[in-house]
Amino acid sequence: MNTSEMKKMTYRDAIRLGMTEEMRRDDNVIFMGEDIGIYGGAFGVSHGMIDEFGEERILDTPISEATIVGTAVGAAATGLRPICEIMFMDFVTFAMDALVNQGAKMRYMFGGQSQVPMVLRLPAGSGTGAAAQHSQSLEAWLCHIPGLKVVTPSTPAQAKGLIKAAIRDNNPVCFIEHKLLYKIDDLVPLDEEFIIEIGKTLTERQGKDITIVTYGSLLLKAMEAAAFLAEEGIEVEILNPATLYPMDMKPIVESVIKTGRVIVAHEAAKTGGLGGEIVARIVESDAFDYLNAPIIRLAGLDVPIPYNKELEAACVPQKIDFIRAVHRLIDSEQG
Amino acid sequence: MNTSEMKKMTYRDAIRLGMTEEMRRDDNVIFMGEDIGIYGGAFGVSHGMIDEFGEERILDTPISEATIVGTAVGAAATGLRPICEIMFMDFVTFAMDALVNQGAKMRYMFGGQSQVPMVLRLPAGSGTGAAAQHSQSLEAWLCHIPGLKVVTPSTPAQAKGLIKAAIRDNNPVCFIEHKLLYKIDDLVPLDEEFIIEIGKTLTERQGKDITIVTYGSLLLKAMEAAAFLAEEGIEVEILNPATLYPMDMKPIVESVIKTGRVIVAHEAAKTGGLGGEIVARIVESDAFDYLNAPIIRLAGLDVPIPYNKELEAACVPQKIDFIRAVHRLIDSEQG
Amino acid sequence: MIELSEEILLRMYYKMNQARFFEEKVDYLFSKGLVHGTAHLSIGQEASGVISCLALEKGDLVSMTHRGHAQAIGFGLDVNLMMAEFMGRARGYCKGKGGSMHIADVQNGNIGANGVVGGGFNLSCGAALTQKYKKTGKVVLCFAGDGATNQGSFHESLNLAAVWNLPIVFLIENNLYGMSSPISKNMNIENISERSGSYDIPGLTIDGNDPIEVYNTVLKALRYARAGRGPVLVEAKTYRYNGHSKGDAQVYRNEEEIAEWREKDPILRLKKYLQENRVFTDKQIQTMANEAHKSIETALKFAMESPEPEITSVLEDVYA
Amino acid sequence: MIELSEEILLRMYYKMNQARFFEEKVDYLFSKGLVHGTAHLSIGQEASGVISCLALEKGDLVSMTHRGHAQAIGFGLDVNLMMAEFMGRARGYCKGKGGSMHIADVQNGNIGANGVVGGGFNLSCGAALTQKYKKTGKVVLCFAGDGATNQGSFHESLNLAAVWNLPIVFLIENNLYGMSSPISKNMNIENISERSGSYDIPGLTIDGNDPIEVYNTVLKALRYARAGRGPVLVEAKTYRYNGHSKGDAQVYRNEEEIAEWREKDPILRLKKYLQENRVFTDKQIQTMANEAHKSIETALKFAMESPEPEITSVLEDVYA
Ligand SMILES: Cc1ncc(C[n+]2csc(CCOP(=O)(O)OP(=O)(O)O)c2C)c(N)n1
Ligand SMILES: Cc1ncc(C[n+]2csc(CCOP(=O)(O)OP(=O)(O)O)c2C)c(N)n1
Ligand SMILES: [Mg+2]
Ligand SMILES: [Mg+2]
């Protein structure tokens, strides 16, 4: 195959392609979750995989989230490389002992004796009218647990590159998918060795005036806002920490040194969200002296996600919020 | 009773006194947990309560953390005011659905129809040689969940005043106790109406040179460091956000405006800890323009807590770390 | 068997029809793309959903599942407010914040539908603890699906309810599938009621499509719990005709199976019973169905006329 | 009943003694305030803890509890490295990072003690899935206490193991208490093995203080699982003489109860068996005990001589 070959596909299909390639490459990779077999997963991500890999490797589970994750941890510690899907990220609440007290700590508390190579796929986010128990973005929890890694792709290519890297990684990797992105399509490299290294922040757009740091579904909104602002002559630089933990701050710090102004944005509730961590790291860095304006955090409202469509949309930063924040920073400039 | 009467007692006894007073005052208050009856709780907090209140109100439960919390939520939503104890905060991992998806969201997702007046007591922290699964400080998780309140006392008086406020509050309140504080003793008001209002940051020491924001077990270390630094002529102001969520930023911002320098400290792992949130809020506030030096976060290492005593101590900021950080800020002054 | 009054038979037939029409309307609204969000239909499960609630006494409580419309209607919720909630309107039960999966009427003892599979077991224990502690003499009816009985919370809650002797009836609507997963793939036992043995409590398996059997069994179970004898596990075997939720291609089952179950339709069953026992004339029966139908048209109208919630309400009701 | 060779009887007696001496030493070190940290002693439980592991084949795996010293010694862990770990030293199994509650020897199939009650059930399912998937013919022995069987993870894991037919034996050491709570207060059934009915798997209750019965039963259970017939639940009734952990005033039980159980001591039981069956002379028996004792003195010396971990190691081994 021509290693530079690309194909247009959805984010959903790209995740599937990444998983499929890795399962072909390595027999130790198995995949577990609720209704991932014949149903193809609640969001169709695993559609058809059971036909290729059979019930031995595509394991439909009972509705037992704690045990899905605990079983993955135990399997990973003894030589398999499980992927598991939790139908909605909200239900990782059931699996926190297995993930946090067992999977994340096993290697350390056993003095390096073991490794836990597993991937936990977590469809997250609001926008589907599924209300408070099916719409959360809980990445901040996971990024507070040493021993875990956390990645989140924003494009189909990233989806493929990161799921493959996650499967090859020897640690528990939480792979957060945003439900609104499943249908987005774009070019994806077909190269089976196409990998996006875990631990890298990606520069999605270059600019000199303002830095926006964002990830997940907000990246698209930020990109749209940047395109709009470009017409006003404002050049926005956009950085995507596709690995949320451990986060690569270097490109972010460099960008802020260049632009002097920064917006940090995420969909998760503002208080206790990752935005605080990112802001703190910027302030602790060399970029502190270059800040020409206060840092702005754009984030979800501190409320559960409501059902009603308008209310739901009001909880999450939109394109217009990015534009307003940029204008605010430009206006507030203090030199 | 003379309402200004005080008595010296331990943090542990103060929590018990607060619970006891509230249980006497209000029949709807019940108390559930593992081994809280005749055993008196793993840390002796409920010692003797079963004798006064009997098995009807002091309910020993099976080892079923998820169901302890879920039962409390259901009882609270139907008219009781349960307190529950999770033996170690680490095991709240089992109860995150009940707490986060049910208790915290019920009122909102039902459009205000219900209230969930309950208290979840969570002994937290390291320092007891109990290793990775019995030593965590997970308050940042809870402070990311709208619908919850989170408080943490640092002294016996605060313990009494806050547990009483928590029991009287009509929302789910997470009450985080640090295990190393149980034996600390100090004066506690005996007044049965002594309450520390939820939602207030407490000024623990006044000073003009540097602001330290910290809570839980680190408050004592900060106070000791401040006493030491006072002899060098450095006046440290110490603020204790005893309510972690929702946090009262006003005194913090005012202090930073006064001192121009701030250290934010906690025992929890640095990345994703509350320190980031506090730093971000300071930077977003009016205090931004008054900062004379970068903000320093002192926090737990990003590792699981190890067993060995020296390693364990190395994970958590100590008095000397506060002193060094203060010196660093004084030296780095940029004016 | 308990002799049923005309009045209760009337309510049974009316409410089962109401539940069915309600959900057919929901299905229609989805098919027309008129609603943003999701809902789970229990068409075919009206006996277990509606009738079990009719056995409750005033003041008894109920905890519902994600597939809760029939349960709610059985419990006596107002279809106007239900429809408004489903459409996300301000006059809905939850002011448009909950939607189908969070319909609740807490003041009246309906502590809510639950979007979390297995989320209601321990909440129900808490509600039952309140009844026991306050000596109200009331019982909690806790609904769950077959799939939910593989959650850890099922085990913990039944155990707690058993050792604390809580007044609670766990009603498992076993519709043979959890989403695409046949129950036979997810547990090795045929009857979920066998799991009661782990807690030394009574366990019963019944024909969940037989309204009379559902009514009599739940009534007996409630009496047992009300008498302070502890919890009961009731398993009602039933079937959902529709997909799990919208967008379910139902590749996991075949048309014949669905057709077979349609033969056992609980509403037709009750109709036949009423006819055979000459309780009501055919005309009376038809009138009841018509009225049920009308109530749903009214509900839709009510919902359509209800305003959207004020945008500022997004910040309200986080804290009490 | 299976005929036991001299060699296995020797190992039984030696290892049970080793476990007891190990824990007596741990108790002593605590009483002298020489150790920072915590540990849970299983003195009195040596038959269920040690002997069940002796029934394992090479390559089989084990998952242990917080009360895991006897289990570890039975599985064949090196008491030197165990004692060093308990004392937080660099040469311990976990380089001093785990302590008593996290002793493990993963390379050799010991996937670790667990500080979380009920934490090992689903990890064991995972380990068993690996065996099934890789067709190793090996079985996982999963230890848990009686209290742990009220955790949701017990239910979920037994169900999963049953429907997936995993090669795993769940061994419940029922020592009648979970901390201060008598089992009778926390479940309504007498024999935990009855819970196997919920999953349609075999369940057995045995005298957990009878070394021979433990050995034979676990051996049979392992064979069943190894043959691909699925999981088995074995409940071994036993008793701990010491408090739950240090600082337990044991107000929840009386001296007589403890004294009664001391009569049924598993080590004395085996000794009597050896004497009655004239397998070894009294002198031989004493020699074995002496050697076990010596091994613990050596272990303590090893541990004392082991350096503290380098402080920089605090940052190591977070990630692979
Ligand atoms: C904890 C949790 N896991 C998964 C889901 C997704 N989900 C919704 S309904 C359902 C199937 C539930 O099956 P069952 O309990 O039998 O109820 P039924 O849908 O058949 O009424 C699943 C897996 C969920 N809502 N909650
Ligand atoms: C999830 C969890 N809850 C509570 C504890 C505290 N705890 C440690 S051991 C124990 C009792 C366990 O009882 P059982 O399972 O019977 O084991 P035993 O101690 O009797 O060996 C408890 C409550 C814990 N370690 N983990
Ligand atoms: Mg079902
Ligand atoms: Mg026990």
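Worth saying up front: this structure is predicted, and the values here are computed from it rather than measured. Note that these values count all heavy atoms, side chains included, but never hydrogens, waters or copies made by symmetry. Naming: A, B, ... by sequence-line order, numbering from 1 per chain.
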Nearest heavy atoms of B:T71 and C:C125, plus distance in Å: OG1-CB, 3.6 Å
Side chain to side chain, B:M106 and C:L123, heavy atoms closer than 4.5 Å: yes
Let me confirm one number: the OG1-CG distance from B:T78 to C:L129, rounded to the nearest 0.5 Å. 8.0 Å
For B:E52, is the CD atom crowded, meaning more than 12 foreign heavy atoms sit under 6.0 Å from it? yes
Can you see which heavy atom on C:Y133 is nearest to which on B:D27, and at what distance? OH-O, 2.6 Å
Between atom CG of B:D97 and atom CD of C:Q151, what is the distance when rounded to the nearest 0.5 Å? 8.0 Å
Less than 4.5 Å to any heavy atom of chain B: does that hold for the side chain of C:N114, its backbone, both, or neither? side chain
From B:R81 atom CZ to C:T130 atom OG1, the distance as rounded to the nearest 0.5 Å: 12.0 Å
Just verifying a value: how many Å separate B:T67 OG1 and C:F154 CZ, rounded to the nearest 0.5 Å? 11.5 Å
Over 12 non-hydrogen atoms of neighbours within 6.0 angstrom of NE2 in C:H36: yes
Please give me the minimum heavy-atom distance between B:Y108 and C:V314, naming the atom from each residue. OH-O, 2.6 Å
Do B:P62 and C:V163 come within less than 4.5 Å of each other through their side chains, counting heavy atoms only? yes
In the structure I gave you, are the side-chain heavy atoms of B:M109 and C:C94 within less than 4.5 Å of one another anywhere? no
Portion of B:A77 that has a non-hydrogen atom of chain C nearer than 4.5 angstrom: backbone
Nearest heavy-atom pair of C:Y319 and B:I145: which atoms, and what distance? OH-O, 4.5 Å
Greatest number of heavy atom pairs closer than 4.5 Å to chain B - which of C:G109, C:A127, C:G119: C:A127
Please identify, among C:K95, C:H155, C:K97, the residue contributing the most non-hydrogen atom pairs under 4.5 Å to chain B. C:K97
Between the main-chain N or O of B:Q113 and the side-chain N or O of C:Q107, is there a donor-acceptor pair closer than 3.5 Å? yes
With a 4.5 angstrom heavy-atom cut-off, is it the side chain or the backbone of C:L166 that approaches chain B, or both, or neither? neither
Please determine, among B:K105, B:Q115, B:Q102, the option with the most heavy-atom pairs under 4.5 Å with chain C. B:Q102
Cut-off 4.5 Å, heavy atoms of chain B, and the answer for C:E316 is backbone
Heavy-atom closest contact (B:R107 atom, C:D317 atom, distance): CG-O, 3.4 Å
Among B:A66, B:P172, B:S114, residue most engaged with chain C (heavy-atom pairs, under 4.5 Å): B:A66
Quick one: does B:N171's side chain have a donor or acceptor within less than 3.5 Å of a partner on C:A320's backbone? yes
What heavy-atom pair brings B:T61 and C:W164 nearest, and what distance separates the two atoms? CG2-CZ2, 3.7 Å
In terms of heavy-atom proximity below 4.5 Å to chain B, should C:K134 be classed as side chain, backbone, both, or neither? side chain
Let me know if B:L148 has heavy atoms under 4.5 Å from chain C in its side chain, its backbone, both or neither. backbone
Highest number of heavy-atom pairs under 4.5 Å with chain B among C:H102, C:E85, C:M101 belongs to C:H102
